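Just so it is clear, the model here is predicted, and its values are computed rather than measured.
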Amino acid sequence: MAFVVGGGCVGCGACEAQCPVGAISLDSGKAVIDPDKCIDCASCAATCPVEVIKEG
Ligand code: SF4
């Protein structure tokens, strides 16, 4: 299981800076989480200002 970025991402990059394993990248102005790297720490979900990152 990995966290996923839902619709509504504003591409601010806040989550990318928080991820301890570098699983998040920005693609076409949206954050994308690599499920193979994510360790389910929830740091990104807590950081997202628009609260669109959820456990997948
Ligand atoms: Fe990175 Fe943790 Fe978010 Fe997974 S849950 S993408 S490891 S910050």
Side-chain angles (χ1 to χ4, degrees):
M1 202 59 83
F3 277 65
V4 294
V5 181
C9 172
V10 295
C12 69
C15 55
E16 184 180 24
Q18 286 295 316
C19 182
V21 295
I24 305 177
S25 57
L26 290 177
D27 182 21
S28 301
K30 306 275 183 192
V32 177
I33 298 174
D34 182 341
D36 292 330
K37 291 183 180 174
C38 177
I39 56 170
D40 292 326
C41 73
S43 295
C44 53
T47 301
C48 180
V50 290
E51 299 182 359
V52 295
I53 304 180
K54 308 288 181 193
E55 197 160 12

Please set out all donor-acceptor pairs under 3.5 angstrom arising from side-chain atoms of residues 29-41, sequence neighbours excluded.
residue, atom, partner, partner atom, Å
K30, NZ, C9, O, 3.0
D34, OD1, D36, N, 2.9

*Using the rule that two of Ile, Leu, Val, Met, Phe, Trp, Tyr join whenever any of their side-chain heavy atoms come within less than 4.5 Å, decide whether V5 and V10 are in one cluster.*
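Yes, it is one cluster - the side chains of V5 and V10 are joined through contacts under 4.5 Å.
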_Could you measure the distance from the CZ atom of F3 to the SG atom of C19? Nearest 0.5 Å is fine._
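If I round to the nearest 0.5 Å, the distance is 11.0 Å.
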*Out of curiosity, T47 OG1 to I24 CD1, how far, rounded to the nearest 0.5 Å?*
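One finds 8.5 Å between OG1 of T47 and CD1 of I24.
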*Nearest heavy-atom neighbours spanning C44 and I53*: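 Nearest heavy atoms, C44 then I53: SG-CG2, 3.6 Å.
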